There are 2 protein chains.
Amino acid sequence: MRGVSVIGIGSTPYGVLEGKPLKELATLACNEAIRNAQIDRKEIQAFYLGNFVSGILLSQETIAPLVGNCLQLSKEVPCTKVEGACCSAGIAFRQGFILIASGFADIVLVAGVEKMTSAPIDRNTTAISSGMDWEEEGKAGLTFPGLFGLVAHRYMHDFGVSIETIGKVSVKNRANGAKNPRARFRKEVTLEEVMRSRPISDPLKLYDCCSIADGASAAVLCRADWADKFTDQPVDIVGSGQALGYSTLYAAPDLTTISVTVRAAQQAYQMANLKPADIDFVELHDCFTIAELVDSEDLGFFEKGKGGRALEDGITQVDGRLPINPSGGLLAKGHPVGATGIGQIVEIVKQLRGEHENQVKDAQIGLAHNVGATGSVGTVHILKRR
Amino acid sequence: MRGVSVIGIGSTPYGVLEGKPLKELATLACNEAIRNAQIDRKEIQAFYLGNFVSGILLSQETIAPLVGNCLQLSKEVPCTKVEGACCSAGIAFRQGFILIASGFADIVLVAGVEKMTSAPIDRNTTAISSGMDWEEEGKAGLTFPGLFGLVAHRYMHDFGVSIETIGKVSVKNRANGAKNPRARFRKEVTLEEVMRSRPISDPLKLYDCCSIADGASAAVLCRADWADKFTDQPVDIVGSGQALGYSTLYAAPDLTTISVTVRAAQQAYQMANLKPADIDFVELHDCFTIAELVDSEDLGFFEKGKGGRALEDGITQVDGRLPINPSGGLLAKGHPVGATGIGQIVEIVKQLRGEHENQVKDAQIGLAHNVGATGSVGTVHILKRR
């Protein structure tokens, strides 16, 4: 297996991007990544694009060749859309990694995009629920806030963790996001504001939930032995995992573990020959405050039920032992669903290059964790500064 | 690059499959392919699923892990949906091929599925039009029948071919489909019936157009050097191509050529070290009668404008020099969009095993051609009996 590096990154800000259609968002992020990589676009040999709901919200499918044409890629380039709900971009990133690691290509463009805020909010709710098993749980009325409300109740019950501790995830991530120009929400919030925000799905309140957004993020991947030609700061992809989880909540044996995270992480740690203690910082899938605690345990950083304690002790702050979501995460950046997985990669590469607006000191190894649907699909990637 | 073989195939019939939800269709086809390959499902290391419009028509996305769970695949298996309109399954097949050829996996399951007939017909029209560039052409009212009507007029004008010659594609393919138990339409039609069928998009009439359908098709791929363990009749994938075409009709320099076909075919011929004259029979993307003539020329079998002559001369009949769509093609089988590309593979493998219901004599090498959207994406695969 050949080594693979990230040599270029690009991202739109996440938020309400009025007047920017889907293909323009993707094109902006990709062009930025191509410029950042200092490559000629004619060198790109394949393009993978992650997206979740452009069909339902915008009546637009087949967007990978559409964006490929906007980018004026060579007509020899296979352009492929992949979809795995909130994990769509994590999968796109992995497909690019596989294509280069296997020797099938030398330079690959990967991206994720979502355009959500132009559709009415109730259409967004329906669209996002398409990530569930519609026949089993979706049409019965379960939503993702509903699902994570159940998870939060169980977690609080099993481990004696308070809703205030869970709410502090939002305080931390909003403070981080306040420094990130790509974040939708750039205002700090207090725990009191979190607790007083309006109820969404008991015990979760508004500030416990991430928000929809428009946005796109992109990366240029390159065989590792060529990376020096293009950049002084190559970042190597040393581990990649993608696994299968449960498609319905009722099938999951434990509400406080998202099993796909555990397996995808094991695959990535094994490929990288690293263990959780070797990771310097993490961008993980905090679609809800409770998800960050659960994820941080499933990724092997803390014992089950101890993620809240680690947060309270400051371990996951940007100046702590293991900063989690120094970008602000989904809670502050917003969640343009199909873009998020590569948005995390963009944040990690900026950290490893030492150019992040909320820099983690001595960042050498970062981990990206992206999960989709009812935990049925998830990816973990480990990136390392050379 | 390692050799890759098809060791198992499965397919539902195509048609109006009432009471069979999407995930059940996919599960049926996959289970048949797994049984046909005589493997234990625990040996499957990855799963790619092609689908186009389950989000728009059924409010169901993230179907790859959903079907992966129905199949009880190992929870280590990455399950990935790919989408490229009518080419979705061609892309899924190619992703599986790449994963094995590159050494990333030894045994991969690939499938395509679509469930269309349970939705009202006008929702199907909207759904299928999402394959176009919605902002540029889709919302202006162009549909796929409209597009191929324009192509037919131009073709007739440029090459002096009559609409009767074009209609004979339907007569041939319906006659082939009459022998195929997987076809939606199993009744022969006369040229007179084609000419008298109701107008759809001038000069195309009802029997010039393929029909929507429900259906799923699947294949089990395996590293070539293991194939003998599982089957006495391995079929090798000797060529694979996927290219980029124009996303809008107005951008295409020539209406009578689908350029993505030319490029994807060149890639596949080059990989296989074969030329068009080496191909024994073809399953190509006859979404409309005119498409078969255009495709047969773009694939290099006939000079531009001579596809109709070849048809009139009987060359493309099942007992001709180059049988085209001995399965009945999309015109007779129906077009469950996201399944079609692997449906073609199923037909080709059955021919190469000598077990097809409309057998091509001495079939050694078959070519599958799948094209999506306004010709923006296309795949070509060449399969060979060992």
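Lettering follows sequence order; numbering is per chain, from 1. Computation of the quantities below employed the complete heavy-atom set of this structure, encompassing side-chain atoms and omitting hydrogens, waters and symmetry-equivalent molecules. If you're wondering where the values come from, they're calculated on a predicted model, not measured in any experiment.
- Between the OG atom of A/Ser129 and the CD atom of B/Gln60 there is a distance of 10.5 Å, given to the nearest 0.5 Å.
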Stepwise side chain to side chain contact (heavy atoms under 4.5 Å, CB included) check, B/Thr374 with B/Leu142: CA-CA 11 Å; B/Thr374 314; B/Leu142 188 62; 5.9 Å; no

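- Two residues are said to be in side-chain contact when any heavy atoms from C-beta on lie closer than 4.5 Å; A/Cys287 and A/Phe148 meet this criterion.
- At a threshold of 4.5 Å between non-hydrogen side-chain atoms, the residues A/Val337 and A/Val53 do not count as touching.
- For the pair A/Lys20 and A/Leu28, the minimum side-chain heavy-atom distance is below 4.5 Å.
- Going from atom CG of B/Leu255 over to atom CG of B/Leu147 covers 8.0 Å, rounded to the nearest 0.5 Å.
- The side-chain heavy atoms of B/Asn31 and B/Arg41, taken from C-beta on, include a pair separated by under 4.5 Å.
- Between B/Ala224 and B/Val4, the shortest heavy-atom distance links the atoms CB-N, 3.8 Å.
- Using a 4.5 Å heavy-atom threshold, the side chains of A/Glu83 and B/Thr62 count as touching.
- Without hydrogens or angle criteria, B/Tyr269 side chain to B/Gly239 main chain gives no donor-acceptor distance under 3.5 Å.
- Below 4.5 Å, heavy atoms of chain B meet heavy atoms from A/Ser130, A/Gly131, A/Met132, A/Asp133, A/Trp134, A/Glu135, A/Glu136, all part of residues 130-137 of chain A.
- Residues from residues 65-82 of chain A that place a non-hydrogen atom less than 4.5 Å from a non-hydrogen atom of chain B comprise A/Pro65, A/Leu66, A/Gly68, A/Asn69, A/Leu73, A/Ser74, A/Lys75, A/Glu76, A/Val77, A/Pro78, A/Cys79, A/Thr80, A/Lys81, A/Val82, given in numerical order.
- Within residues 115-127 of chain B, the residues approaching chain A closer than 4.5 Å by heavy atoms are, in numerical order, B/Thr126.
- Side-chain contact between B/Phe52 and B/Leu57 is absent, with no heavy-atom pair separated by less than 4.5 Å.
- Only the side chain of A/Lys23 comes within contact range of chain B, with heavy atoms under 4.5 Å apart.
- Between the side chain of B/Asp298 and the backbone N or O of B/Thr261, no donor-acceptor pair lies under 3.5 Å.
- Ion pair B/Asp40/B/Lys42 not flagged as a salt bridge, since none of the NZ, NE, NH1 or NH2 atoms sits closer than 4.0 Å to an Asp/Glu carboxylate oxygen.
- Contact count against chain A (heavy-atom pairs under 4.5 Å) is highest for B/Ala243 among B/Gly84, B/Ala243, B/Ser88.
- Among all heavy-atom pairs drawn from B/Ile212 and B/Ile128, the shortest one is CG2-CD1, 3.8 Å.
- With a 4.5 Å cut-off on side-chain heavy atoms, B/Asn51 and B/Glu114 count as touching.
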Stepwise side chain to side chain contact (heavy atoms under 4.5 Å, CB included) test for B/His335 and B/His285: CA-CA 10 Å; B/His335 186 24; B/His285 201 85; 3.9 Å; yes

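- Taking CD from A/Glu43 and SG from A/Cys222, the interatomic distance works out to 8.5 Å, rounded to the nearest 0.5 Å.
- Residues B/Thr340 and B/Pro336 have side chains in contact (heavy-atom distance under 4.5 Å, counting atoms from C-beta outward).
- Of the atoms belonging to B/Phe47, not a single heavy atom falls under 4.5 Å from chain A.
- Interface residue B/Ala85: backbone and side-chain heavy atoms are both found under 4.5 Å from chain A.
- Listed here is the closest heavy atom pair of A/Ala268 and A/Gly241: CB-N, 3.9 Å.
- Interface residue B/Gln267: only side-chain heavy atoms are found under 4.5 Å from chain A.
- For a heavy-atom cut-off of 4.5 Å, chain B lies close to A/Ile91, A/Arg94, A/Gln95, A/Phe97, A/Ile98, A/Leu99, A/Ala101, A/Ser102, A/Phe104 in residues 90-113 of chain A.
- Interface check for chain B: of the options A/Val377, A/Ile63, A/Leu244, the most heavy-atom pairs under 4.5 Å are formed by A/Leu244.
- The residue among B/Gly378, B/Ser376, B/Gly372 with the most heavy atom pairs within less than 4.5 Å of chain A is B/Ser376.
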